[in-house]
Amino acid sequence: MKKTLDDAKVREARLQRNPLYRNLSSMDFAVVLMSLVAVATLLVTFFPQGMDEAYYVTTFGKRLYGVYESLGLLGVLRSWWFMLLYLLLLAALVLCAHARSKEGVFRGPRGTMVYESEFSIPKGMDDILLIFPVLLRSIGFRGKRIATDEGRSEVTAVRGVSPAVSSFLFHAVAAVFLLALTVSYLFSWGGMLYVDEGKSSNLPSHARETRLMRLLGGREPAEPGGAGEDVIEVRLVDFARHYKEPLVPWRRGSRGGGDWPSDSGVFPLVAQTGGRQAVLTDWGSVLDVNWRGRSKRVSVQSSRGAASLGLCLSQGPFFEVTRVVLPALDETVNVALPAIVAVGDRRVELASSVIEGETDRHGLRRVSGVGTGRIRAAVSPAGVEKESGGAGRQAVAQLSSGEEASLGGVLVRIDYHSMRSLVRIRHDPGRPFLKLGALLVILFGMLKLYMYWYTLKVELRSRKGGATHLLLRMRASGFFSSPASVSRKIASLLAK
Amino acid sequence: MAASVAYGVSFLLLAFRRRRNTLRPGLRVRTLAFAVVVHACFMALRGVSAGRPPFMERVELLSWFALCCALMCLVGSRWFRSTFVTSAGVLAAFLTTAYLCLSFEYVRLPCLSVTKVFLVWWPGFSVPLAFAALVLAYAAQLRGLPGLGSLEKQRTRLPMSSAPDATAFLSLQLVRFAYPLLASGLLAFGIGCLQIASRGWFWQRSIAAQLFVLVACTIILHLSASRPASVTRIFMAYSAAFCGVVVSVLSFDLPQGLLRGLGLERLP
């Protein structure tokens with residue numbers, strides 16, 4: 001047993017003498033690394049990240065774009081030098097926590113003030129020393145020690161959450177969180193796919209490549225339909241949109257700004273039904289996912305993703321797609337609504353029709369399924385504005401899939417009409433640890449910074465007349481610490 | 001605008017108080033309290049009309065930041081024991097609301113369900129609150145600089161402690177208050193984006209500046225805990241954090257990347 005302990009002490013001493021360990025575990029080195037990380041985040045602030053090459057060439061010019069790209073300024077958080085900083089910081093965090101736990105320097109509140117107060121009690125020192133420990137225990141102090149000298153005694157005690165424990169826990173979970181970020185960065189893969197209602201779509205095989213594989217040179221693409229291909233098939237079973245009547249109607253603001261433009265984005269946000277306004281609040285898909293011989297039905301919403309078969313699925317934008325046949329042009333056009341098609345000197349406008357459904361006090365019933373929604377087709381002479389006069393020259397019809405109509409001399413037939421949903425699929429082994437790590441970092445951070453910790457030292461001296469003079473010194477840390485009130489409480493309890 | 005005017009009046013009352021305090025402190029407090037109540041009412045109305053928590057848009061974030069500055073001054077003025085710090089907070093509230101009045105654009109984000117998700121609106125709540133605390137912390141640091149200490153006689157609740165130590169302690173306490181709020185805001189946003197759009201943090205300018213401020217606060221906490229504590233380095237770290245706060249506040253914006261991921265491409 002003694003030999004094992006001696007070996008451990010020798011190993012520890014050797015570690016402390018190791019210059020690499022000493023430097024990596026020092027606070028100065030950690031502060032320098034954090035300063036460099038701060039400089040890197042400054043670069044993220046001032047250089048737009050992750051945009052297209054065309055955007056950077058337009059903004060900076062081709063030459064500067066090349067320089068910035070080679071220095072990694074346009075993708076700072078993915079650059080090799082930031083990864084190096086990050087790994088060094090992770091190593092410093094682990095070694096710092098290890099060194100301090102071994103040396104026991106996670107102790108005592110630092111960065112604190114010393115609170116001092118003095119008062120006298122008309123009681124003998126022996127009487128006070130009898131009741132003082134009980135009194136301190138009653139208000140939550142522990143670890144009491146009493147040292148007595150001639151005519152003088154000293155009482156020390158502590159109260160609250162030990163900074164040694166809270167600091168170690170916080171740094172440990174911070175290290176776990178950073179490690180989870182690394183695992184997520186290196187080993188996750190994913191992609192997105194468009195899937196029409198009632199149809200299936202497969203995730204491309206190149207989406208299955210992790211960042212680590214790319215760093216190591218990529219992997220061999222599998223033969224389509226071959227034994228090496230591991231297909232993820234997704235079928236869109238149902239798609240739903242949810243609308244709600246706004247409390248305050250949608251309108252234009254007086255300064256020319258206004259509420260969110262109703263045609264912002266790839267789908268309309270505002271719909272009309274029965275003369276009432278409805279604003280899109282949510283949309284979602286019900287999917288059948290098949291992977292590795294297993295099948296599961298999941299529901300994803302724009303506000304909430306889902307996890308199934310080891311995959312994380314999330315809802316992206318949606319499109320209303322239609323195939324329009326124009327016999328006059330002998331053409332078939334595939335468009336996403338809303339769309340405008342030129343036919344000679346005519347303009348064919350295609351848009352989602354009014355939302356069908358009953359309104360109740362909670363909003364509208366959902367719209368779903370192929371064929372239940374209709375398309376509004378309007379034909380007008382080309383160049384006519386959408387004003388009141390122009391609208392009068394429009395020929396309008398509501399068409400469902402398979403229907404046709406002659407509008408202003410133009411025959412329009414809707415061949416196909418469906419909802420198309422964008423679904424993102426991701427496989428991320430680090431995600432559960434990320435969520436847990438984030439929660440624990442916040443909890444232990446609050447514990448370390450908010451919870452109080454008091455270190456109390458009371459010096460007692462006998463005075464003439466049987467009184468005792470007390471000099472109280474208290475160090476406190478934590479946002480919720482209040483040394484003055486604790487001191488007043490001690491004084492009032494002693495006086496009683 | 002009413003709140004902005006009230007903040008301005010409150011700041012003038014604080015800044016130009018007479019030495020003998022012939023202007024009763026009650027008037028200053030009442031003016032500030034009136035401004036806070038009016039401001040809070042308008043924020044609540046905005047939330048009700050929008051149908052979601054009012055912590056998403058640029059206007060709402062700036063407004064909440066100003067309200068946090070004023071609220072902290074109102075609630076914590078007895079604890080600060082420094083008119084300089086309180087005046088700085090009220091001045092920040094006034095400047096922010098005045099800027100909003102001058103550059104206000106009526107734009108309302110739709111009440112999408114995603115805007116009601118806790119992980120999406122919590123950053124809009126916690127980060128401006130943390131920034132307000134950091135502004136006051138920097139004011140306390142400035143207050144503790146040699147030279148400024150002679151401007152007024154400071155009273156503290158901590159006997160036998162000098163003015164510079166008291167202001168350094170106040171600054172540190174405010175950083176301790178702000179740090180978990182700032183960290184939780186950043187982490188919540190990242191985890192929320194992962195859950196909703198399967199993509200991590202969208203590093204727009206405001207978010208990147210928040211990360212910079214978080215790192216600066218981490219440096220402050222570590223430097224304050226080390227012995228001997230380097231006052232110059234600590235002050236530089238506070239200055240860096242304050243600059244980061246200014247950049248982030250000026251570039252407060254919608255979570256553009258998240259909304260783009262949902263298909264809301266054309267933003268006003």
Side-chain angles (χ1 to χ4, degrees), chain A residues 27 30-31 34-35 37-38 41-42 44-45 49-50 77 110-113 115-117 190 244 246-248 253-255 257-261 264-267 269 279-282 301-305 312 314 316-318 422 424-426 431 434-435 438 441-442 445-446 449-450 478-479 484, chain B residues 48-49 51 104-114 116-117 157-161 165-166 169 172-173 176-177 179-180 183-184 187-188 190-191 194-199 203 205 208-209 211-212 215-216 218-219 221-227 229 240 247 261-268:
Chain A
M27 183 73 82
V31 170
M34 282 190 277
S35 305
V37 169
T41 56
L42 263 184
V44 176
T45 307
Q49 304 285 298
L77 301 178
R110 297 188 183 180
T112 63
M113 292 185 67
Y115 177 83
E116 290 186 0
S117 64
K244 193 176 173 184
L247 198 64
V248 177
S254 58
R255 291 192 187 195
D259 288 337
W260 198 278
S264 169
V266 297
F267 44 79
L269 286 170
V279 179
L280 182 67
T281 58
D282 203 359
Q301 303 283 324
S302 65
S303 56
R304 179 174 51 87
C312 302
S314 60
F318 66 91
L422 186 141
R424 290 193 186 88
I425 298 176
R426 195 142 191 91
R431 193 179 287 195
L434 268 177
K435 290 183 187 177
V441 160
I442 295 164
M446 287 172 65
L449 295 171
Y450 285 176
F479 181 73
Chain B
V48 168
S49 76
F104 180 74
E105 286 177 11
Y106 182 77
V107 176
R108 192 163 49 125
L109 179 67
C111 55
L112 300 165
S113 294
V114 70
K116 298 178 192 174
V117 174
R157 297 175 64 190
L158 304 165
M160 298 183 66
S161 54
D165 286 340
F169 182 68
L172 192 59
Q173 286 288 76
R176 282 180 178 144
F177 170 73
Y179 193 88
S184 67
L187 291 173
I191 302 294
L194 271 178
Q195 275 188 287
I196 292 165
S198 289
R199 294 168 64 178
W203 293 110
R205 179 167 294 171
L211 179 61
F212 174 79
V215 175
T218 311
I219 294 173
L221 291 171
H222 281 83
L223 287 176
S224 301
S226 63
R227 285 288 179 271
V247 169
L262 292 174
L264 295 172
E265 295 285 346
R266 280 178 298 181
L267 303 168

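Proteins get letters first, then strands, A, B, ... in listed order; numbering begins at 1 in each. All figures in this text were calculated on a predicted structure; none of them were measured in a lab.
Taking every heavy atom of both residues into account, A/A438 and B/L187 meet most closely at O-CD1, 3.9 Å.
The candidate from A/Q301, A/R304, A/R431 with the greatest count of non-hydrogen atom pairs under 4.5 Å with chain B is A/R431. Of the listed residues B/L221, B/L211, B/I219, the one with more heavy-atom pairs under 4.5 angstrom with chain A than any other is B/I219. With chain B as partner, the option from A/V44, A/I425, A/L422 having the largest number of non-hydrogen pairs under 4.5 angstrom is A/V44. Of the listed residues (B/S198, B/A208, B/A209), the greatest number of heavy-atom pairs within a distance under 4.5 Å of chain A belongs to B/S198. When each of A/V441, A/D282, A/T45 is scored by its heavy-atom pairs under 4.5 Å with chain B, the top score falls to A/T45.
Of the two parts of B/L194, the backbone and the side chain both hold a non-hydrogen atom closer than 4.5 Å to a non-hydrogen atom of chain A. Looking at A/F479, the atoms closer than 4.5 Å to chain B (heavy atoms on both sides) sit in the backbone and in the side chain alike. When heavy atoms are compared at a cutoff of 4.5 Å, B/I196 approaches chain A by way of both its backbone and its side chain. For chain B, the nearby parts of A/M34 are the backbone and the side chain; heavy atoms of each come within less than 4.5 Å.
One finds the CZ atom of B/F177 at 10.0 Å from the CE atom of A/M446 (value rounded to the nearest 0.5 Å).
Annotation: side chain of B/P180 is in contact with side chain of A/L449 (closest heavy-atom distance under 4.5 Å).
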